[in-house]
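Note on naming: letters A, B, ... go to the chains in the order of the sequence lines (proteins, then strands), and numbering restarts at 1 for each one.
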Amino acid sequence: MDTFVSRTRKGPIDWATDEQREPGRNKIEEKCNQDIIKNTVKEEEDDYFTGFLEPIPWQKIEAEGLDCDYALLFPKQEADKLYTQLEEEVVYLTGDKTKIQVFGKVYSVPRKLATYGDTGLTYTYSGLSHQASPWTPTLRYIRDAVTKATGHAFNFVLINRYKDGHDHMGEHRDDERELDPLCPIASVSLGAPRDFVFRHQEARRKQHRRQINPVKLELAHGSLLLMNSPTNTHWYHSLPVRKRVITPRINLTFRRILQDGKK
DNA sequence: ATACGGCCACACAG
DNA sequence: GCTGTGTGGCCGTA
């Protein structure tokens, strides 16, 4: 099962080292070589059902103020199936709900959005409130798998669909008031693997005292990234444009929203 | 949670 | 080696 770290290209990019991701993994990386290594969920599915009964091999990703855990939650065959089902089930927002205003101009967000969750929950995104649609069977299944793997219960999921590498998300923090600050955000990826970048808040201006390197990783098909407190208070994250990516990725970020936490 | 342009660096192909 | 093209990091501006 040594198939977690992947790297789709080389270059000047300062990816998280293997030691950061998982001490002692260097040998595997050498074996994989640096080129287009797909990630690598096992193809054989003999332990398809036992997967959830055994503890998931997590990789710890740490930097100062950053605390994440990464794992392959779904084997390829199952991830494929979930992806297909979501493509059939999920209904994305349309019209004005996909528009955002920045510096007086209105833009369509460069991706598709959907919100699902417990009855009555709303999620405020860039000034707009969205009512959560009721859980679909597939979303409920994924939610329960995430809960089993993490021990955390979630009442809401924000779905972002990136149709190809031109769809992206700019740097931001998930710092909405309505989020339970102590509950991690669980990010499930299905479809095309995409690069994901964390940057420390103090590294966002030219003039900063200390240099704090960004932390970069690739989110694989079927993977789960847990962003633990206090990651979201110190680190911004983004999903940068990757022009070579031509297939879609669906990202599900499970959250716990506090009913009373509104402004 | 935007886009865009400027500047720079790198990878690749011819 | 060179040069052009494409990509991407990073920043500033609106």
Side-chain angles (χ1 to χ4, degrees), chain A residues 6-17 33-37 63 66 92-117 122-130 132 156-179 181 185-187 189 192-219 225 227 231-247 249-255 257 263:
Chain A
S6 83
R7 193 172 283 194
T8 53
R9 65 182 152 64
K10 43 195 171 175
I13 297 169
D14 177 25
W15 298 104
T17 65
N33 223 336
Q34 58 271 70
D35 251 348
I36 314 183
I37 306 312
L66 184 148
Y92 292 93
L93 304 182
T94 57
D96 290 344
K97 294 175 165 143
T98 67
K99 305 269 168 71
I100 189 170
Q101 190 163 333
V102 181
F103 281 95
K105 279 190 188 171
V106 176
Y107 300 97
S108 286
V109 295
R111 58 190 174 274
K112 282 183 164 177
L113 301 172
T115 55
Y116 287 80
T122 58
Y123 179 71
T124 304
Y125 164 87
S126 208
L128 293 174
S129 262
H130 303 304
F156 183 86
V157 61
L158 173 65
I159 306 179
N160 282 288
R161 183 184 186 276
Y162 304 88
K163 69 176 184 302
D164 59 29
H166 291 91
D167 275 3
H168 64 279
M169 172 138 49
E171 228 173 38
H172 69 286
R173 295 180 294 186
D174 292 312
D175 55 355
E176 289 85 356
R177 269 162 219 270
E178 56 217 297
L179 289 180
I185 293 174
S187 170
S189 295
R194 287 290 293 267
D195 292 342
F196 189 76
V197 181
F198 287 102
R199 276 177 88 206
H200 196 278
Q201 56 183 358
E202 288 181 32
R204 299 179 78 239
R205 294 233 165 225
K206 198 144 203 179
Q207 209 79 28
H208 47 270
R209 284 192 270 170
R210 300 167 299 152
Q211 175 168 344
I212 307 172
N213 290 132
V215 175
K216 314 185 180 190
L217 50 147
E218 182 184 76
L219 300 179
L225 177 70
M227 289 178 269
T231 303
N232 252 129
T233 68
H234 303 295
W235 291 77
Y236 288 69
H237 57 268
S238 65
L239 192 87
V241 169
R242 287 294 179 262
K243 301 192 176 178
R244 287 178 286 251
V245 174
I246 57 172
T247 53
R249 166 178 181 262
I250 300 173
N251 180 59
L252 314 166
T253 48
F254 292 90
R255 299 139 189 269
I257 291 185
K263 333 166 200 175

- Rounded to the nearest angstrom, tell me the gap between atom NZ in Lys243(A) and atom P in dT5(C). 15 Å
- Query: Tell me: OH of Tyr236(A) to P of dC10(C), nearest whole Å?
  - Reply: 16 Å
- Are any side-chain N or O atoms of Arg173(A) and backbone N or O atoms of Thr233(A), one a donor and one an acceptor, separated by less than 3.5 Å? yes
- Would you say Arg242(A) reaches dG9(C)'s phosphate, i.e. side-chain N/O to OP1/OP2 under 4.0 Å? yes
- Query: Between Trp235(A) and Phe198(A), how do the two ring planes meet: parallel, tilted or perpendicular, split at 30° and 60°?
  - Reply: perpendicular
- At under 4.0 Å, does any side-chain N or O of His172(A) touch on OP1 or OP2 of dT2(B)? no
- Item | Whole-Å gap separating P (dG9(C)) and CD (Glu171(A)) | 11 Å
- Item | Spacing of Leu93(A) atom CG and His130(A) atom NE2 [to the nearest 0.5 Å] | 5.5 Å
- Query: Does dG6(C) have OP1 or OP2 sitting under 4.0 Å from an N or O in the side chain of Arg244(A)?
  - Reply: no
Using the 3.5 Å cut-off, write out each protein N or O paired with an N or O of nucleotides 5-8 of chain B and the distance between them.
none

- Separation of dC11(C) atom P from Gln201(A) atom CD, nearest Å, is 15 Å
- Task: Indicate whether OP1 or OP2 belonging to dG9(C) is found under 4.0 Å from a side-chain N or O atom of Arg204(A).
- Result: no
- Query: Of the nucleotides dA3(B), dC10(C), dA1(B), which one has an atom closest to the side chain of Pro214(A)?
  - Reply: dC10(C)
- Side chain of Lys216(A) (C-beta onward), nearest among dC10(C), dG8(C), dA1(B): dC10(C)
- Options dC10(C), dG8(C), dA1(B), nucleotide nearest the side-chain atoms of Arg199(A): dC10(C)
- Task: Check the distance between dA1(B)'s P and Arg173(A)'s CZ and give it to me in whole angstrom.
- Result: 11 Å
- Query: Would you say the side chains of Ser187(A) and Thr253(A) form a donor-acceptor pair under 3.5 Å?
  - Reply: no
- Item | Nucleotide dA1(B), atom P - distance to NZ of Lys105(A) in whole Å | 16 Å
- Query: How close do Leu179(A) and Asp174(A) get, heavy atom to heavy atom, and via which atoms?
  - Reply: CD1-O, 3.7 Å
- Query: Taking the side chain of Tyr107(A) as its heavy atoms from C-beta onward, which of dC11(C), dA3(B), dG8(C) lies nearest to it?
  - Reply: dA3(B)
- Check for a donor-acceptor pair, side chain of Arg111(A) on one end and backbone N or O of His168(A) on the other, with a separation under 3.5 Å. yes
- Query: Atom CG of Leu158(A) to atom P of dA1(B): distance rounded to whole Å?
  - Reply: 14 Å
- Can you measure from CZ (Arg199(A)) to NZ (Lys216(A)) and round to the nearest 0.5 angstrom? 8.5 Å
- Query: Arg194(A) side chain to Pro240(A) main-chain N or O, any donor-acceptor pair under 3.5 Å?
  - Reply: yes
- Note on the structure: Testing dA1(B), dT2(B), dT7(C) for proximity to the side chain of His168(A), the answer is dT2(B)
- Message: Can you tell me which nucleotide in dT2(B), dG9(C), dA14(C) comes closest to the side chain of Pro240(A)?
- Response: dG9(C)
- Once you round it to whole Å, what is the distance between C1' of dA1(B) and CG of Asp175(A)? 10 Å
